[in-house]
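Structure record follows, encoded as structure tokens.
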Amino acid sequence: QVQLVESGGGLVQPGGSLRLSCAASGIDFSIYTMGWYRRAPGKERELVAAITNSGMRNYADSVKGRFTISRDNAKNTVYLQMNSLKPEDTAVYYCNAQFKWWGQGTQVTVSS
């Protein structure tokens, strides 16, 4: 059974930082592309960042230079370091494995 469990969301002030984690089980984590998506209120889910099994990274234009995706294959975990957060980053953030499996989501709220 595949499980993706996100953690690290919360409430942060504009300009602050958060680090999201996604722990995977039930899959051969090291061979899959892992990604972070988000869905803001009233909007469709969008790709935030992805990292391939070889470490190639891709980012949405809106987060380039502020967010960093990384992975630790020994821990079956993918991370999203989010810096210089803006109110428009407020959304539910979802972990994804190989464009197929999804986590339950974690809420990120950026507000003063």
Side-chain angles (χ1 to χ4, degrees):
Q1 181 181 358
V2 178
Q3 281 194 314
L4 301 175
V5 180
E6 300 102 333
S7 61
L11 173 65
V12 64
Q13 292 186 342
S17 298
L18 284 174
R19 188 175 84 153
L20 306 182
S21 300
C22 171
S25 60
I27 59 172
D28 191 353
F29 180 85
S30 64
I31 69 172
Y32 288 135
T33 292
M34 300 297 297
W36 286 97
Y37 291 71
R38 67 186 181 188
R39 177 178 284 154
K43 296 186 177 181
E44 294 189 355
R45 187 160 51 190
E46 64 174 353
L47 174 68
V48 176
I51 183 168
T52 68
N53 60 349
S54 63
M56 293 183 63
R57 296 169 172 86
N58 182 44
Y59 296 96
D61 287 343
S62 59
V63 307
K64 283 180 181 176
R66 301 188 297 122
F67 291 10
T68 302
I69 189 170
S70 62
R71 65 191 299 160
D72 185 337
N73 290 339
K75 296 182 178 180
N76 285 4
T77 300
V78 61
Y79 304 97
L80 186 68
Q81 178 66 44
M82 304 186 294
N83 299 328
S84 302
L85 283 160
K86 304 175 181 180
E88 51 264 43
D89 295 317
T90 295
V92 178
Y93 284 71
Y94 298 90
C95 177
N96 175 274
Q98 198 61 24
F99 312 105
K100 180 177 180 180
W101 296 288
W102 295 94
Q104 81 286 352
T106 185
Q107 177 71 46
V108 172
T109 302
V110 185
S111 175
S112 55

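Residues take their numbers from the sequence shown, with the count starting at 1. Predicted model, so just to flag it, every value in this text is computed and none were measured. The basis for the numbers below is simple: all heavy atoms, side chains too, and nothing from hydrogens, waters or symmetry mates.
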Least distance between heavy atoms, [X] atom then [Y] atom:
| X | Y | result |
| --- | --- | --- |
| V92 | G105 | CG1-CA, 3.9 Å |
| S112 | P14 | N-CD, 3.7 Å |
| K100 | N96 | N-ND2, 3.6 Å |
| Q107 | A91 | NE2-O, 3.4 Å |

Connected via hydrophobic side-chain network under 4.5 Å: Y94 and V78: no
Atom [atom1] in [X], atom [atom2] in [Y]: separation rounded to 0.5 Å?
| X | Y | atom1 | atom2 | result |
| --- | --- | --- | --- | --- |
| T77 | M34 | OG1 | CE | 9.0 Å |
| I27 | N76 | CD1 | CG | 7.0 Å |
| T33 | I51 | OG1 | CD1 | 9.0 Å |
| I31 | Q98 | CD1 | CD | 7.5 Å |

Okay, side chain of T90, backbone of V110: is any donor-acceptor separation there less than 3.5 Å? yes
Taking side-chain contact (heavy atoms from CB on, under 4.5 Å) as the test, write out the residues that go with N58, two or more places apart. L47
In chain order, what residues pass the side-chain contact (heavy atoms from CB on, under 4.5 Å) check against T106, with sequence neighbours excluded? E6, L20, Y93
Give every residue pair that meets the ring pair (Phe, Tyr, Trp, His ring centres under 6.0 Å) criterion with at least one member in residues 6-33, sequence neighbours excluded. Y32-W101
Within residues 33-91 or reaching into it, pairs that qualify as ring pair (Phe, Tyr, Trp, His ring centres under 6.0 Å) - sequence neighbours excluded: Y37-W102
Just to verify, what does [X] make a side chain to side chain donor-acceptor pair (under 3.5 Å) with, not counting sequence neighbours?
| X | answer |
| --- | --- |
| T68 | none |
| S62 | R38 |
| S111 | none |
| K43 | none |

Where at least one partner belongs to [range], residue pairs that pass disulfide bond (SG atoms under 2.5 Å apart), sequence neighbours excluded:
| range | answer |
| --- | --- |
| residues 47-94 | none |
| residues 31-94 | none |
| residues 41-97 | C22-C95 |

Contact check, side chains of Q13 and L85, non-hydrogen atoms, under 4.5 Å: no
Sequence neighbours left out, what pairs pass salt bridge (Lys or Arg N to Asp or Glu O under 4.0 Å) with at least one residue falling in residues 66-78? R66-D89
What do you reckon, is CD of E88 surrounded by more than 12 foreign heavy atoms closer than 6.0 Å? yes
